[in-house]
Amino acid sequence: FGEDGDSFEEDGSSFEDDNPEIVLLGVGGDSNLVNVWSTEWDDTSEPIDDVRDGVAVKKYEAINYAGIEMSPIDVSEMTFFSLKVLTEDASALEIKLVDASDANWENWVDGIAIFDAASQPALTQGEWVTIDIPLDTLNLPSLSAIGQIVISVLEESGTTRSLEIADMYFYQDDSYE
């Protein structure tokens with residue numbers, strides 16, 4: 001998914017730098033860190049596995065919200081959560097990281113980032129958009145046990161949209177302040 005929005009970089013990699021990363025989805029396919037891409041409690045179709053220019057893509061044909069679960073991951077040394085998304089019909093996305101160390105779910109209102117046409121970057125229908133979320137902006141009590149990612153299209157309950165996800169990873173950017 002280069003600048004033209006249609007393809008990955010020439011070397012087949014979609015990653016832009018050599019900073020430390022924890023990859024959940026990308027070149028080479030799914031990471032073994034993710035247990036499920038659609039939980040029993042979410043409101044989505046089962047994602048379809050696809051590959052574009054050698055990079056794994058998850059295609060949700062009917063999503064309201066999807067729960068992505070993994071064994072808790074320590075991302076405390078990372079500075080960003082990044083993913084590429086493509087939607088033909090959603091006008092907004094909510095991306096939530098869940099701290100699994102919070103047994104009482106007290107931080108359920110934290111860890112949320114929302115992207116729409118007015119956000120930076122703007123969610124643009126029909127185009128691949130790279131979203132980089134600074135982890136320190138999510139107000140999570142801990143980054144040492146991220147156990148879920150919840151992605152919602154911010155529509156009424158029961159309303160679904162399409163969404164494709166590629167290159168989902170955490171990374172460290174030493175120049176970020």
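Positions are given from 1, in the same order as the sequence printed here.
- Leu97 is not listed as a side-chain neighbour of Val75, based on a closest heavy-atom distance of 4.5 Å or more.
- When side chains are defined from C-beta on, Val57 does not count as touching Leu86, because their heavy atoms never get closer than 4.5 Å.
- In the model, Asp132 has a side-chain atom that pairs as donor or acceptor with a side-chain atom of Ser82 under 3.5 Å.
- Judged by distance alone, the side chain of Thr124 and the main-chain N or O of Glu127 form no donor-acceptor pair under 3.5 Å.
- Here the side chains of Ser91 and Asp116 are not in contact, with every heavy-atom distance at 4.5 Å or above.
- In this structure the side chain of Met78 never reaches within 4.5 angstrom of the side chain of Leu143, judged on heavy atoms.
- Ser45 is linked by a side chain to side chain donor-acceptor pair (under 3.5 Å) to nothing, counting only residues two or more places apart in sequence or in another chain.
- Of all heavy-atom pairs spanning Trp128 and Lys84, the tightest one is CZ3-O, 3.7 Å.
- Residues Leu123 and Val129 share a closest heavy-atom pair of CA-CG2, 4.4 Å.
- Counting only heavy atoms from C-beta outward, the side chains of Met70 and Ile149 approach each other to under 4.5 Å.
- Proximity of a side-chain donor or acceptor of Thr79 to a complementary backbone N or O of Asp173 within less than 3.5 Å is detected.
- Counting heavy atoms from C-beta on, the side chains of Val34 and Leu25 never come closer than 4.5 Å.
- For Leu33, the side chain to side chain contact (heavy atoms under 4.5 Å, CB included) partners two or more places apart in sequence, or in a different chain, are Ile22, Leu24, Ser31, Ile73.
- Partners of Val51 under the side chain to side chain contact (heavy atoms under 4.5 Å, CB included) rule, at least two apart in sequence or in another chain, do not exist in this structure.
- Contacts classified as ring pair (Phe, Tyr, Trp, His ring centres under 6.0 Å) and involving residues 66-95 (residues at least two apart or in different chains) are given here: Phe80-Tyr171, Phe80-Tyr176, Phe81-Phe170.
- Among residues two or more places apart in sequence or in another chain, the salt bridge (charged side-chain N to carboxylate O under 4.0 Å, His left out) test is passed with Glu164 by Arg52.
- Side-chain contact check for Thr87 versus Val153: every heavy-atom pair is 4.5 Å or farther apart.
- Looking at Gln125, its side chain does come within 3.5 Å of a backbone N or O of Asp89 through a donor-acceptor pair.
- Looking at every heavy atom in both residues, Thr159 comes nearest to Asn64 through O-ND2, 2.7 Å.
- Residues passing the side chain to side chain contact (heavy atoms under 4.5 Å, CB included) test with Thr44, sequence neighbours excluded: Ser38, Asp42, Tyr60, Ile63, Ala66.
- Between the side chain of Asp43 and the backbone N or O of Tyr65 there is no donor-acceptor pair closer than 3.5 Å.
- Side-chain contact between Gln148 and Thr39 is absent, with no heavy atoms from C-beta onward closer than 4.5 Å.
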